[in-house]
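The structure that follows is given in the form of structure tokens.
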Amino acid sequence: MLNVINVNAAYGGIKALRGVSLEVNEGEVVAVLGANGAGKTTLLKVISSVMKPISGEVLFYNKKIPSVSYQSVKMGIIHVPEGRQIFPKLTVYENLMVGAFLNKDKKKVKEDLEWVYTLFPRLKERENQYGGLLSGGEQQMLAISRGLMGHPKLLLLDEPSLGLAPIIVNQIFDILKEIRKKGTSILIVEQNAYKALSIADRGYIMSTGVIEKSGTSKELLSDENLLKAYLGE
Amino acid sequence: MFLQQLVNGISIGGIYALMATGYALIYSLLGFSNWAHGDVAMLGAYIGFLCVASAKLPFYLSCIAAILGAGLISIMNERLAYRQIRKNKAPTMFLMIAAMGLSVTFQNMVIVFIGPKFRTFPPVIPVKAIAIGNIKLGVLDLISLCIVLIAVILLEFLINKTKFGLAVRAASTNLNTASLMGINIDYYIALVFFLAGSLAGAAGVLLGLKYTVYPQMGNVSLKAFIASVFGGLGSVRGAIIGALIIGIMEVFISGFVISGLRDLFTFGLLIAILLFKPTGLFGIEVQDKA
Amino acid sequence: GSKQAKDDVIKIGYVGALSGDTAVWGQAGLNGMKLAAKEINEKGGILGKKVEIVGMDGKGNPVDSVNALKRLIDEEKVIAVVGTNFSSCNIAMAPIADSKKIPLIATAASNPKVTVDENGNLRPYSFRIGFIDPFQGKVLASFALNELKAKTAAVITDIGSDYSTGLTEFFIKQFEKDGGKVLIKVDAHSGDNDFRAQLSKIAPLNPDVILIPWIYKDVALIANQARELGIKSIFLGGDGWDSKELLTMAGPALEGCYYTSQPSFANPITKPFAESYIKEYNINPETEALFGRDGLYWIKDALERAGKVDPVALRDALENTKDFKGLMGAINVDPKTHNPEKPCSIYKVSGGKFEYVGDFAP
Amino acid sequence: MSSYLEGIIILVGINIIAVLGVSVLTGFTRLFSFGNAGFMAVGAYTSAILTTKYHTPFIISIFGGMLVAALISFALGKLTLGLKGDYFLITTLGFGECVRVLIEFLDPITGGARGYAGIPQKTDLTVVVIAVIICIIITRNLITSKYGRNIMAIREQELAAEAVGINTTYFKLLSFTVSAVFAGLAGALFAHYFMFITPGMFNLDKSAELTITVVIGGLGSITGSIIATTILTLLPEILRAVANYRMLLYGISVVLIIILKPNGLMGYKELSFETIKRIKDFIMRKRKEVMAR
Amino acid sequence: MSQVLEINSLVKRFGGVCAIDNFNIDIKKGSIHGLIGPNGAGKTTIFNLITGIYKPDSGKVLFNNEDITGKKPYEIANLGIGRTFQNIRLFSQLSVLENVLIAAHKDANYNLLTAVTHFGHFKSKEKHIRETCLELLNIVGLGDRLVEKAGNLPYGHQRKLEIARALALKPKLLLLDEPAAGMNKEESKELVGFIKYVYEKFDLTILMIEHHMDVVMSICDEITVLNFGKTIAKGTPKEIQKDKQVIEAYLGGENKSC
Ligand SMILES: Nc1ncnc2c1ncn2[C@@H]1O[C@H](COP(=O)(O)OP(=O)(O)OP(=O)(O)O)[C@@H](O)[C@H]1O
Ligand SMILES: Nc1ncnc2c1ncn2[C@@H]1O[C@H](COP(=O)(O)OP(=O)(O)OP(=O)(O)O)[C@@H](O)[C@H]1O
Ligand SMILES: CC(C)C[C@H](N)C(=O)O
Ligand SMILES: [Mg+2]
Ligand SMILES: [Mg+2]
């Protein structure tokens, strides 16, 4: 469903992506791994049209992705950005409703709301608190839930486990499995390589703006040299 | 006399309020005080005036023209200047400076192309005051208070109860992320500018009817700006209550204390109140959480 | 770059508000002067030389006016300057004129300090065409007492304007000296646009007359709002009222009210000038146009008496002016104050028109 | 030099001093003030009264003006620097208006709206040039010292600044006071140059002009402030002959610069001798290349 | 051994929620103490209470036996408590070097007059702090990126710069809020080495919040576990790892180190 073809991107003079190609198939979970500053976040930004690539193209269902991010959302690409980016002056509830912005079916929205509240009961407790006053981990839960409220066809997750307690990290990955069962494809960027590969079908390994390696999760997990070289184990 | 002064204060405050709503609206979205707001009102007044006086259109049509025209000018400001600055990712202060530049530009554009003269609307609606006992109440004041009332109810509903409002409030803190949620921010921003601009247009016509039309007439919006800050930045309700308080305060100080020091006392009081309520009457503050 | 003054041209400057909210006056003054120059040049110029008028924008504020004056003198090499109509600008410009030894002729600036400094010393290069505020205040006060039979008065002052505060002071002094009673004086600011708070204070006192020493735009607002509040008193004002705009803006609110100003277009001898002004510029002339016109003719008169084109000689000739007949009346300069002994005219608003009531000589 | 030109240069110099003050406050501390013309007024009136009524020497009058501006800004800052953003801005705006209203009201002392005339002309080109140089050096030294760094830290991240032990209130107050002292100096010099001052000269428009200049020059750049002051003072002067259009062109220029130069003319950068040299070298090199061809 | 930090019955409420409920802790001089617990347990709030950003509703914070409750954040920092932030807060428009120089302001002990004139010992003082800061930056591995804008650094480097900045204060107690967040295994390992190094070099006491268990377990002498603002366990890493309550509330069933 998603084809990234030979994409180059840069911040001013600094090249962050160099000839990156990648694909995600319908119903797949794909992990992108790599060290700090490898360009993972930049890749997700390009896919969700937050950033314009210098060259190359991104196809979604064989159509060029739109040039502005709000239209990508309409097509079903939802990006849970790095650093949470929740709306500090909106309450938890309102943050979630913004996530459901394009969903006109009020009943469905309500159901979704109930669903994320059961996933993260903590959010229900904090329903009327301003997003900016949540703890770091609570904000992360909110960011993920807000993404889920948009009913993605393709969910882009940028380090979803960042700042979460181990027990919640496990929970998150369980939830991802569940979402995937519902038919959502997922592209996940993670520092926690094992966890990510444990739920992913395939993985890509990036370093300094280039895809160094790709393969099924099994292949990658069994290649010890690779893991040492790029993921530090 | 007390009652008469109270009525005077409310009616002056009403004019400030009409302008202040627009300030609050734009502040609530983009986080800056749009100093060109008063000049949009001025341009609205000129559109209305030219329609009535030169094109000889009926008054109600001229009003509609003024309101739509000011709305469009407001959108144009956004398109030509503010949007570019947003895209540059410049600090919000730049928006305010650009607005000041626009304000100078508009005033002088009118001076150059229409002339510096003061213009009066032909007597289209009764400018008379109605007397209730000893108290004189201007008809225009009544109209402007009604508009304020409608505006505040409408805007409060719009901002707090509708999806439109949710989008605007989300966009106000983080435009990029709002866009990631599927909100077409450029569209909503344009809409808000149109709303603010039309309100300014209505205010402009009222001001023009009341106080004549001239290039610097938009400068009253300084008071509206003060009112919107005092009421709490970004809060429409706050802006209106702030405006009424300032209006009444000014009148009472002029009327009962000392007219020459009116602004001194008004500002003194405002500062004193801000010291107790640092984010104005209705401003929400989300603490900086480490 | 400075332009060398050509020998066969006499350059004369005009400073006034060519932009801003009083540009109506500044532009009229410059127009009047240019029109007069055209007339003069058609008739052979001054001392056989052509006159050229250079206008500079002083925005009606002192700093800009001083810069404009300096630029006229240093860069344009003018030998004399006419302007401005605002006392605050002329008080600032006067020392420059003195140090540069270039005569400066104020138009409607009516504060005494325009030609005499705060220590009472004459400013040798400053002159004026109009009368001074003490005189205007006096005329207003005695007119109110004697002709209108007023016993009580109220004043609303623009506390931000030197002109308004000055006229207020001189009026009150005279009015109380001659047995009238000033019931109240309230302050406001130009630009406020709403004066009901102050007017509501005046209303219950019901004074016979109310002095409104403001510029016409505010006069219109004050008058309208006062009538709205049911104030029936007669309004009085000074030369700030002197613009045709006032009539359209104030409408019936000023019916039966009076103001003092310069002898103006009410005088039949101004008719030909008014007509050619309308023909040339296609707008109604303001009194300021006459000032510009008279200023230039006065300079012409003095230069011809001096017999040479020289600023210092011009100054001396201006100082010794006896009975120069301008369209705004004859000018006799008092060498001690440089004030012309000129009458002050009273006008009445009646039937939607300014009606000339009469002249008051000093 | 013609006195017109000299006068303009003097005004540029005086404006540079006032703008440098705002630059410290707005460019380096990110506090916005619409009241600095008020401090100019304080400096102007204090020094004028000292000179004319108490016959103090010029230099003492100037220091008097600066001192009073400092004291007032200190007291005001103590009260209001806790406020954020536009809330602080509005108090400075209010202060500026209050100063004007008070001067108008205190007619017997200040001459009211009529203005204060008869101030001897003591400020000349030399005085202004010396004052400007001293002010530039002081600003530069301040900014490159720990005081400047602490102030910039507050601009960037107030909470983190506190966490590394910076007394943010103190440094904000310092910055506010410095800006007021500069404004006071500018006002005092102006009074003794122009010989006549009125409250209208120090109104909100003047305050706004100072802030606009700093933003156009580029926040956080001393040289930017200086360049912008020069341009923005000269621009209306050059346009004086086109009377009607000049304010229109001024307004349009402000908008265009803001849009086209997102960081102002020199945002966060300084024009130093080094950069000038580098530019010169570059041009020379290019020229040689062209010549070689 | 003496206590560096002692917190007695600290309470903090936000509206109706009791974020910190009667919290006590003693931190020995020269120890590395871990503070862990589920999200929203109140860990960062404790940091904010120690550093004066929040005022407690009741309770006391003693630093080197001095009562610092209610003191201003900058006063507390100057007494010798440095910290990093969970959401990175660098002076992002300023250079890497300037970020650290700012924190060293106490060592630049010249007065305003010297600053304005650059006379006297200005140059030597500035040179001195510049040298110490350069050394610090070399230690954290940013020695070659001095003039880069702090905001443009990759995430991991920003975390290190925050630590360097806190160290420039010459703190006696260092509070680290999730220093390993956003780092992979290799990078966190490196971080552990780095923290140990500065700990010894600067003779520090460290209180650290962290969710990466491998980091916590390999570095901390003692751990306090927080839940709903209350201490639910206290002990050595070994003890904590086995604690039922901790596993249930925090670590989760399948306690693979992650
Ligand atoms: N706004 C920016 N301006 C300049 N350079 C940037 C910016 N954002 C990122 N970079 C640079 O681009 C490169 C790729 O950054 P990116 O954020 O995509 O990395 P990442 O793989 O997501 O790293 P991390 O694991 O730390 O999040 C890095 O070298 C970084 O320094
Ligand atoms: N200023 C505040 N106003 C209201 N509630 C707050 C405020 N600060 C924190 N809270 C609440 O207090 C609780 C504790 O927050 P804190 O940030 O201390 O958690 P934490 O233990 O650091 O969690 P995490 O590991 O997720 O960062 C949270 O539920 C949070 O929502
Ligand atoms: C045009 C007039 C109102 C000016 C006034 N005579 C003055 O001296 O300022
Ligand atoms: Mg990233
Ligand atoms: Mg935390």
Side-chain angles (χ1 to χ4, degrees), chain D residues 20-21 24 27-30 66 70 74 82 133-175 177-178 181-182 218-222 262-264 267-270, chain E residues 47-48 50-53 72-85 87-95 97-119 122-123 125-126 129 149-151 162 165-171 175 177:
Chain D
L20 278 178
V24 169
F28 291 95
T29 327
R30 198 59 56 86
M66 289 159 70
F74 185 82
I133 291 175
I134 293 178
C135 286
I136 292 177
I137 292 176
I138 286 182
T139 315
R140 192 203 71 123
N141 285 353
L142 189 74
I143 291 306
T144 51
S145 76
K146 82 165 174 199
Y147 290 87
R149 284 196 301 265
N150 289 358
I151 282 172
M152 286 189 269
I154 296 171
R155 169 186 83 192
E156 294 295 322
Q157 247 299 323
E158 206 168 327
L159 206 64
E162 290 254 347
V164 296
I166 295 171
N167 181 351
T168 51
T169 326
Y170 169 83
F171 284 96
K172 281 185 191 173
L173 198 54
L174 176 73
S175 160
T177 311
V178 166
V181 169
F182 276 38
L219 294 172
S221 167
I222 299 172
N263 277 325
Y268 301 113
K269 284 192 218 78
E270 296 296 347
Chain E
F47 273 22
N48 287 339
I50 296 174
T51 53
I53 289 173
K72 301 228 168 67
Y74 77 91
E75 291 171 330
I76 293 170
N78 285 332
L79 285 173
I81 302 184
R83 75 172 285 183
T84 66
F85 293 91
N87 302 316
I88 297 179
R89 284 168 186 268
L90 287 168
F91 308 125
S92 47
Q93 291 284 335
L94 302 182
S95 73
L97 178 61
E98 279 171 316
N99 265 274
V100 185
L101 281 177
I102 286 167
H105 65 98
K106 249 197 321 182
D107 288 342
N109 52 347
Y110 47 77
N111 60 21
L112 188 57
L113 196 66
T114 318
V116 161
T117 54
H118 282 199
F119 287 163
F122 177 83
K123 292 235 163 66
K125 285 267 154 72
E126 281 285 311
I129 63 165
K149 252 199 213 172
E162 266 215 335
R165 185 178 67 184
L167 289 174
L169 254 178
K170 296 198 175 152
L175 309 178
D177 199 345

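Convention: sequence-line order gives letters A, B, ...; per-chain numbering from 1.
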Taking only Lys NZ, Arg NE, NH1 and NH2, and the carboxylate oxygens of Asp or Glu, determine whether Glu162(D) and Arg89(E) approach each other closer than 4.0 Å.
->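 The answer is no: the pair does not qualify as a salt bridge.
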Considering only heavy atoms, which portion of Thr117(E) lies under 4.5 Å from any heavy atom of chain D: side chain, backbone, both, or neither?
->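 Backbone only.
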Residue part contacting chain D, namely of Ile129(E), when any heavy atom lies under 4.5 Å |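 Only the side chain of Ile129(E) comes within 4.5 Å of chain D.
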Measure from the side-chain N and O atoms of His105(E) to the backbone N and O of Lys146(D), and report whether any donor-acceptor pair falls under 3.5 Å.
->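 No, the answer is negative, given that no donor and acceptor are paired below the 3.5 Å cut-off.
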State, yes or no, whether a side-chain contact exists between Asn167(D) and Asn78(E) at a heavy-atom distance under 4.5 Å.
->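 Not touching, per the 4.5 Å side-chain cut-off.
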Please round to the nearest 0.5 Å and tell me the distance separating atom CG of Leu159(D) and atom CG of Asn87(E).
->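 Rounded to the nearest 0.5 Å, the CG-CG separation comes out at 11.0 Å.
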Chain D contact via Asp107(E) - side chain, backbone, both or neither, heavy atoms under 4.5 Å =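 Answer is neither: Asp107(E) stays 4.5 Å or more from chain D.
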Any idea which heavy atoms bring Phe91(E) and Ala160(D) closest together, and the distance?
->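 Closest approach of Phe91(E) to Ala160(D): CE2-CB, 3.9 Å.
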Non-hydrogen atoms of chain E under 4.5 Å away: do they reach the side chain of Thr139(D), the backbone, both or neither?
->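 It is neither, since no heavy atom gets under 4.5 Å.
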Heavy atoms of other groups near Lys125(E) NZ, more than 12 under 6.0 Å =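 Count over threshold, so yes.
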What are the two closest non-hydrogen atoms of Tyr147(D) and Tyr110(E), and how far apart are they?
->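 Scanning both residues, the minimum pair turns out to be OH-O, 3.6 Å.
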Per the side chain to side chain contact (heavy atoms under 4.5 Å, CB included) rule, which among Leu101(E), Asn99(E), Leu94(E) passes with Arg149(D)?
->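 Filter result, single survivor: Leu101(E).
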Check: Gln93(E) main-chain N/O paired with Glu156(D) side-chain donor or acceptor under 3.5 Å |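 Yes, the answer is positive, given that a donor and an acceptor are paired below the 3.5 Å cut-off.
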With only heavy atoms counted, which part of Phe122(E) is less than 4.5 Å from chain D, the side chain, the backbone, both or neither?
->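 Contact with chain D: side chain only.
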With a 4.5 Å cut-off on heavy-atom pairs, point out which of Ile76(E), Leu112(E), Leu169(E) contacts chain D the most.
->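 Greatest number of close heavy-atom pairs with chain D: Leu112(E).
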Considering only heavy atoms and a distance below 4.5 Å, find which of His118(E), Lys106(E), Glu75(E), Arg165(E) pairs most often with chain D.
->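 Highest number of heavy-atom pairs under 4.5 Å: His118(E).
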Is the side chain of Asn141(D) donor-acceptor paired with the backbone N or O of Ala115(E) at a distance under 3.5 Å, no angle test?
->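 Answer holds: no.
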What part of Ile143(D) is in contact with chain E, defined as an atom under 4.5 angstrom from a non-hydrogen atom: side chain, backbone, both or neither?
->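 Looking at Ile143(D), nothing touches chain E.
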Distance-only, no hydrogens or angles: does the Tyr74(E) side chain make a donor-acceptor pair with backbone N or O of Ala163(D) under 3.5 Å?
->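 Side chain of Tyr74(E) to backbone of Ala163(D), a donor-acceptor pair under 3.5 Å: no, none is there.
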Heavy-atom contact with chain D under 4.5 Å, split by part of Ile102(E) =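 Both the backbone and the side chain of Ile102(E) come within 4.5 Å of chain D.
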Please flag which part of Ser92(E) lies under 4.5 Å from any non-hydrogen atom of chain D: side chain, backbone, both or neither.
->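 Backbone plus side chain of Ser92(E), per the 4.5 Å heavy-atom cut-off to chain D.
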